[in-house]
Amino acid sequence: MARLLILGGTAEAAELTARLAGDDRLETVTSLAGLTRLPNVGSGQIRRGGFGGPDGLAAFLKDGGYDALVDATHPFAAQIARHAAEAAEMSKTPRVKLVRPPFARTAEDRFVPVADMQAAANALPQNARVFLAAGRRELAPLAARHDLWCLVRMIEPPAADEALPKGELILGRPPTDPDAEIALFKAHNIEWIVSKDSGGRAGAKIEAARRLKLPVVLVERPALPKGTTVESVDAVIAWLESTLFGG
Ligand code: NAP
């Protein structure tokens with residue numbers, strides 16, 4: 001049986017393991033960073049925690065006799081993507097990067113593209129009322145802007161020593177219904193949205209911004225390492241077929 005390591009923590013990684021579950025030519029292990037309390041895991045074997053950098057991952061791939069590596073981590077998880085590329089090179093393991101396409105742009109969007117969270121903070125006008133959905137350790141640039149009022153939504157609670165921007169914090173997953181986001185934005189007189197371009201189907205937040213004609217400061221993705229990159233689970237399965245089974 002061929003052995004496959006999937007770097008996960010995304011819906012796509014969970015979908016991939018579910019799709020591969022019935023394939024008896026393959027044994028899959030999904031690796032999670034281990035930070036999230038409620039990870040999206042899918043099926044198959046799971047391992048958790050960092051590898052200790054590219055060398056650690058290269059050793060893990062070799063010692064575990066892995067035949068291929070699928071990096072299906074989040075488009076903003078730049079460090080693990082770089083480590084995966086380096087480790088695959090060192091251990092001579094075929095690697096593919098699965099990354100969902102950026103948000104589709106429409107004529108109604110008022111996107112202000114920026115390179116990172118610091119640039120997002122710089123792009124906001126004085127005294128703006130802002131909504132943002134954020135991960136841990138992403139808030140420092142906004143917290144430093146004392147004139148802003150921010151409604152922050154986080155899935156995981158902020159780290160104990162993390163500075164929060166002035167405003168309100170909501171803990172929880174995003175709603176799927178744009179009407180719920182519209183109601184939230186109206187209730188807090190939100191004028192600006194800050195969002196990472198996480199890609200895929202633009203969620204309720206972006207749809208709500210569109211309908212309310214609110215400007216969105218859109219943080220663009222970090223650059224990907226060189227190498228094979230695909231945008232769908234189907235394309236990963238085709239890559240596995242040709243890489244592992246010569247199909
Ligand atoms: P990151 O900054 O690129 O990675 C930080 C370190 O975490 C890596 O160097 C690696 O440690 C470890 N790591 C990350 N993903 C791992 C995995 N799947 N398995 C084992 N170790 C992993 O990543 P991040 O932005 O903190 O994201 C962590 C995880 O959350 C990723 O797996 C990602 O798919 C998921 N996620 C991230 C976002 C986001 O917006 N960044 C959103 C949703 C989900 P070592 O160097 O010790 O190996």
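Start at 1 and go down the list; that is how both ligands and their atoms are numbered.
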For D197, check side chain to side chain donor-acceptor pair (under 3.5 Å) against everything at least two apart and list the hits. R105
Under 4.0 Å from one or more heavy atoms of G49, ligand 1 contributes atoms 20 (C), 21 (N)
Structural part of R137 in contact with ligand 1, heavy atom criterion under 4.0 angstrom: neither
Counting heavy atoms only, which of Q79, H74, E138, R221 is nearest atom 38 (C) of ligand 1? H74
Taking both backbone and side-chain atoms of H83, is any N or O found less than 3.5 Å from an N or O belonging to ligand 1? yes
Atoms in ligand 1 with a heavy atom of K196 nearer than 4.0 Å: 39 (C), 40 (O)
May I ask you to list the atoms of ligand 1 that are less than 4.0 angstrom from any heavy atom of G9? 35 (C), 44 (C)
For the pair R129 (side chain) and H188 (backbone), establish whether a donor and an acceptor sit closer than 3.5 Å, ignoring hydrogens and angles. yes
By number and element, which atoms of ligand 1 are closer than 4.0 Å to a non-hydrogen atom of G50? 11 (O), 21 (N), 45 (P), 47 (O), 48 (O)
Apply side-chain hydrogen bond (donor to acceptor under 3.5 Å, both in side chains) to the pair K62 and T93, showing each step before the final yes or no. CA-CA 8 Å; K62 269 191 170 168; T93 310; over 6 Å; no
Structural part of A78 in contact with ligand 1, heavy atom criterion under 4.0 angstrom: backbone
Atom of P174, atom of I155 and distance for their closest heavy-atom approach: CD-CD1, 4.3 Å
Ligand 1 to F51 polar contact by distance, N or O atoms, under 3.5 Å: yes
What atoms of ligand 1 come closer than 4.0 angstrom to any heavy atom of R47? 20 (C)
Under the side chain to side chain donor-acceptor pair (under 3.5 Å) test, which residues partner E89, sequence neighbours left out? none
Charged N to carboxylate O below 4.0 Å: is that the case for K166 and D147? no
State if G52 counts as touching ligand 1 under the rule of any non-hydrogen atom under 4.0 Å. yes
With a 4.0 Å heavy-atom cut-off (strictly under), which part of L32 contacts ligand 1: side chain, backbone, both or neither? backbone
Under 4.0 Å to a heavy atom of T73 - the qualifying atoms of ligand 1, by number: 18 (N), 32 (O), 34 (O)
Cluster check I80, V96: I/L/V/M/F/W/Y, side chain < 4.5 angstrom: no
Sub-3.5 Å donor-acceptor pair from the side chain of D109 to the main-chain atoms of T106, do we have one? yes
Cation-pi check for F185 against R211: NZ or CZ below 6.0 Å from the six-membered ring centre and within 45 degrees of the axis, yes or no? no
With heavy atoms of G53 as the reference, note each atom of ligand 1 found under 4.0 Å away. 45 (P), 46 (O), 47 (O), 48 (O)
Hydrophobic cluster identity match, F51 and I6, side-chain contacts under 4.5 Å: no
Taking only heavy atoms of S31, which atoms of ligand 1 are found under 4.0 Å from at least one of them? 17 (C), 18 (N), 19 (N), 20 (C)
Counting heavy atoms only, name the option from S198, G8, A134 that's nearest to atom 31 (C) of ligand 1. G8
